[in-house]
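Reading through the structure tokens given below for one structure.
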Amino acid sequence: MDRSSIWATLLLLTVAMGITFFVLNHEREPIKQSEPVKAAVIEDYIAEKYGDEFGWNIQNGHKSMAENALSLHPEAYESAKNAGVDFKAYRGEYINHYIFPLLPICQKDGEDRGVKLIVFEHNGKFFGDYMGSLNTDGGPRKTITKDEWLAEDYCK
């Protein structure tokens, strides 16, 4: 093989690697930034899953897209699973997550305490939800009714 053949081969390989890199990085849908969303988008899902007992006043929230939570630390995946959301069926997929503040906010030990509802959606279908604290303490917890939460947290 002469010198020009080696350079031609290297150039061809470089172009092929560049095309492969471009295709692999552009096949995936980009992660969307958080955008405002009306609470009405989950009304049917909540009514079907929890019925009238839910009792929370769902506020408008935000929607974001992220890669499946299986890429999180194993503790985070287990924590979500224990709260009622199993991401295993969505491995390698992008999922939408919606975050909605819930009312009422109650008082406990002189502090406002509130929760948010996090709902997950893939290809237009909601598949799970859990609750989290409005402040940063604590992790996900199974979604419960307003009355259960008020009694459990001893809020007034």
Side-chain angles (χ1 to χ4, degrees), residues 17-156:
M17 286 174 33
I19 291 171
T20 302
F21 179 78
F22 179 81
V23 168
L24 290 176
N25 284 317
H26 287 85
E27 281 183 0
R28 289 195 168 283
E29 190 172 336
I31 295 176
K32 294 180 182 173
Q33 297 297 321
S34 180
E35 59 187 56
V37 65
K38 300 278 187 193
V41 301
I42 61 163
E43 284 177 350
D44 291 341
Y45 168 77
I46 294 298
E48 183 179 317
K49 187 167 182 183
Y50 298 104
D52 294 335
E53 295 81 35
F54 189 65
W56 291 100
N57 183 349
I58 303 171
Q59 303 300 295
N60 293 336
H62 285 85
K63 171 186 171 182
S64 298
M65 179 184 282
E67 193 161 0
N68 181 311
L70 282 178
S71 61
L72 299 173
H73 300 292
E75 304 85 36
Y77 171 72
E78 284 302 315
S79 184
K81 189 173 179 181
N82 291 338
V85 180
D86 188 353
F87 294 106
K88 194 177 288 185
Y90 306 97
R91 175 174 231 121
E93 299 288 331
Y94 283 94
I95 55 174
N96 290 315
H97 62 277
Y98 298 75
I99 300 174
F100 299 97
L102 300 175
L103 293 179
I105 294 175
C106 71
Q107 289 280 319
K108 183 177 179 182
D109 301 326
E111 286 186 32
D112 283 344
R113 295 181 51 90
V115 292
K116 58 190 170 192
L117 179 67
I118 300 98
V119 181
F120 300 94
E121 176 257 326
H122 181 262
N123 288 337
K125 184 176 188 300
F126 294 109
F127 68 87
D129 59 87
Y130 56 66
M131 297 173 88
S133 176
L134 279 178
N135 55 22
T136 56
D137 64 343
R141 61 193 259 186
K142 186 173 172 58
T143 302
I144 58 177
T145 68
K146 177 186 77 171
D147 292 338
E148 290 170 321
W149 179 73
L150 290 172
E152 185 179 290
D153 269 1
Y154 309 104
C155 289
K156 299 184 186 320

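Predicted, not measured: the structure shown is a model, and the values here were computed from it. Just so it is clear, the values below take in all heavy atoms, side chains as well, and ignore hydrogens, waters and symmetry mates.
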[atom1]/[X] to [atom2]/[Y] distance, rounded to the nearest 0.5 angstrom?
X    : Y    : atom1 : atom2 : value
T143 : Y50  : OG1   : OH    : 3.5 Å
L134 : I105 : CG    : CD1   : 5.5 Å
M65  : E35  : CE    : CD    : 9.0 Å
L102 : F54  : CG    : CZ    : 5.5 Å
S64  : H97  : OG    : NE2   : 4.0 Å
K63  : N96  : NZ    : CG    : 4.5 Å

#### Entry: Side-chain heavy atoms of P104 within contact of W56, under 4.5 Å
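With C-beta onward as the side chain, the pair touches.
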### Query
Can you list the residues that meet the side chain to side chain contact (heavy atoms under 4.5 Å, CB included) rule with N57, with sequence neighbours excluded?
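N57 satisfies side chain to side chain contact (heavy atoms under 4.5 Å, CB included) with Q59, L103 once adjacent residues are dropped.
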### Query
For residues 116-127, which residue pairs qualify under salt bridge (charged side-chain N to carboxylate O under 4.0 Å, His left out), counting only residues two or more places apart or in two chains?
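Output for this query is empty, none listed.
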### F120 ring center within less than 6.0 Å of Y90 ring center
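No, ring centres 6.0 Å or more apart.
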### Query
For the residue pair A80 and Y130, what are the closest heavy atoms and their distance?
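Looks like CB-CE2, 4.0 Å.
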### Task
Only counting residues at least two apart or in another chain, list the ones meeting salt bridge (charged side-chain N to carboxylate O under 4.0 Å, His left out) with K142.
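Result, salt bridge (charged side-chain N to carboxylate O under 4.0 Å, His left out) vs K142: none returned.
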